[in-house]
There are 2 protein chains.
Amino acid sequence: MSESPAESTLAEQIAAQLRRDILRGKLPPDTAIKERDNAADLGVSRTPMREAIRILAQEGLVVLRPSRSPIVARPTVKEVHDQVVVLLALEKLSAQIACERATEEDLSRLAELNEKIAEAYDHVDALDLFEMDMAFHRLIAESAHNAALAETHHAYLARLWRARFLSATMRRNRERVVSHHGAIMEALRARDPKAVDAALDQHLANLAEDISAAIEAENAEAERAGG
Amino acid sequence: MSESPAESTLAEQIAAQLRRDILRGKLPPDTAIKERDNAADLGVSRTPMREAIRILAQEGLVVLRPSRSPIVARPTVKEVHDQVVVLLALEKLSAQIACERATEEDLSRLAELNEKIAEAYDHVDALDLFEMDMAFHRLIAESAHNAALAETHHAYLARLWRARFLSATMRRNRERVVSHHGAIMEALRARDPKAVDAALDQHLANLAEDISAAIEAENAEAERAGG
DNA sequence: ATTTCTGATTTGGTATACCAAAAATTGTTG
DNA sequence: CAACAATTTTTGGTATACCAAATCAGAAAT
């Protein structure tokens with residue numbers, strides 16, 4: 001999940017584990033996460049399990065309902081779409097600010113990463129590739145040097161992890177990604193707000209629709225199976 | 001805090017209490033909030049106190065530092081400014097979307113509220129007035145009918161509560177607020193994105209600077225006193 | 001057969017106790 | 001008097017137990 005910071009506490013480890021299981025689809029939507037049972041299974045007490053569930057709830061991966069087991073969230077197409085809209089707005093805002101504030105180091109890190117993506121594109125599995133793409137977009141957000149903005153952007157990126165992953169693997173296209181990233185970088189380097197905006201539009205224009213399609217497909221699948 | 005939803009749990013009550021004390025300035029920045037002592041004082045156990053501190057930390061009102069007591073946050077001017085920038089972007093995005101999506105009911109509630117503000121302006125204390133202003137801006141965000149957007153906007157509004165309050169009381173001006181709100185409303189009613197953008201710019205243009213000034217003044221005050 | 005009532009189960013919330021790691025404090029020594 | 005080492009607090013994290021409210025399931029009654 002690109003969370004390098006060592007999951008130090010038990011709660012964080014549990015959260016990380018559950019997060020993986022949810023995002024990878026091992027714990028499909030609507031799966032109940034019983035605090036007591038689950039804790040017993042893992043051989044831990046309720047305290048860290050509560051904490052972990054809380055973390056995931058805050059990330060939007062599980063939903064808490066009063067007096068019922070928390071369940072893995074099944075975001076509707078609209079919910080995901082709405083979140084994508086906000087993510088795009090945050091990223092475009094970041095890029096605009098970055099036109100003024102990005103340092104040379106920011107820019108060279110972006111260039112470096114894009115090169116790495118270009119190289120790796122055909123040798124690396126979807127997951128690693130996706131992580132790199134995510135890192136690229138995170139760098140853009142960080143280049144605005146606005147901590148609040150970067151943090152909120154990151155939160156949305158994390159929340160949309162699964163949806164973006166579905167969409168990305170569905171629509172894998174080396175030239176598109178690499179050249180788009182290149183265009184964004186060049187515009188940033190030129191510190192040209194309009195060019196940046198155009199480049200981001202170009203790159204992200206279809207994201208909302210792609211993701212919606214991916215989610216719809218998955219929900220339809222679930223419909224057919226579980227009822 | 002305009003949080004009508006009954007604070008049902010002890011943790012929420014404690015959080016609400018601490019929040020008030022912090023925002024009202026009773027617990028000034030850098031004040032330590034010892035989990036054990038504080039819990040003992042209130043006659044509760046550590047569990048809900050931990051929970052409460054956690055809530056406030058997430059709101060940015062207190063900062064957690066490893067192996068040290070949590071303390072009331074002392075946001076820097078830059079931090080607050082950065083947050084204001086994001087808040088403005090979210091509100092402008094909301095308004096843009098609201099041009100398409102706002103319902104008649106949204107618009108009439110906005111009108112109603114603005115009228116109420118106009119009436120109350122000279123009879124009501126700063127706090128109540130401020131709550132109304134906050135509600136107005138929240139309505140704008142909700143008129144976009146994008147839950148994620150509204151939620152994030154609300155979170156920023158809450159986080160900036162104190163800073164905005166300082167700025168608002170410092171720069172109280174009936175005509176300005178009421179006419180600006182009116183202009184925003186009219187633009188929304190006309191569903192004219194450009195007019196909405198202009199009206200919001202007009203209203204919020206000085207917010208960042210005002211807030212920065214207010215924070216700077218407060219920090220300078222603290223400097224003089226506590227060192 | 002449907003509804004209603006009652007008791008068992010599940011859940012969230014709280015209190016309490018324990019432990020290890022990290023700080024602050026103290027005492028000691030060069 | 002300063003640097004260092006040992007001890008004492010403080011803190012965060014975890015485990016465990018208890019309680020009340022809400023849910024759920026099964027029995028009883030119409």
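All of these numbers come straight from a predicted model, not from anything done at the bench. Heavy-atom basis, side chains included; hydrogens, waters and symmetry copies ignored.
- The six-membered or imidazole ring of A:H181 lies near that of A:H137, with a centre-to-centre distance under 6.0 Å.
- Within the 4.5 Å cutoff, no side-chain heavy atoms of A:H81 are placed close to those of A:I211.
- When the shell of 6.0 Å around CZ of B:R46 is examined, it contains more than 12 heavy atoms from other residues, nucleotides or ligands.
- Taking a 4.0 Å limit (strictly below) on heavy-atom distances, residues 26-43 of chain B reaches DNA chain C at B:R36.
- When the C1' atom of D:dA22 is taken as reference, atom CG of A:L64 falls 16 Å away, rounded to whole Å.
- B:R46 comes within contact range of at least one nucleobase, with a heavy-atom separation under 4.0 Å.
- Rounded to an integer number of Å, the gap from A:M49 CE to D:dT16 P is 14 Å.
- Note: CZ (B:R50) to P (C:dG13) measures 15 Å, nearest angstrom.
- Map A:R68 and A:L10 each onto its nearest nucleotide of DNA chain D; the residue landing nearer the 5' end is A:L10.
- B:K116 NZ: 12 or fewer foreign heavy atoms inside a 6.0 Å radius.
- Comparing atom distances between the A:S45 side chain and each of C:dT14, D:dT11, D:dT16 picks out D:dT16 as nearest.
- Closest to the side chain of A:T9, from the set C:dG12, C:dT14, D:dG13, is D:dG13.
- Atom CD1 of A:I53 is separated from atom P of C:dG12 by 7 Å (rounded to the nearest Å).
- Summarising the geometry, the separation between CD on B:E51 and P on D:dG12 is reported as 15 Å, rounded to the nearest angstrom.
- In this structure, the side chains of A:E115 and A:E112 stay at 4.5 Å or more apart for every pair of heavy atoms.
- Of the residues near DNA chain C, A:R65 and A:T47, the one whose nearest nucleotide (by heavy atom distance) lies more toward the 5' end is A:R65.
- Taking each heavy atom of B:A39 and B:S45 in turn, the nearest pair found is CB-O, 3.6 Å.
- Rounding to whole angstrom units, CZ of residue B:R54 and C1' of C:dG13 are separated by 16 Å.
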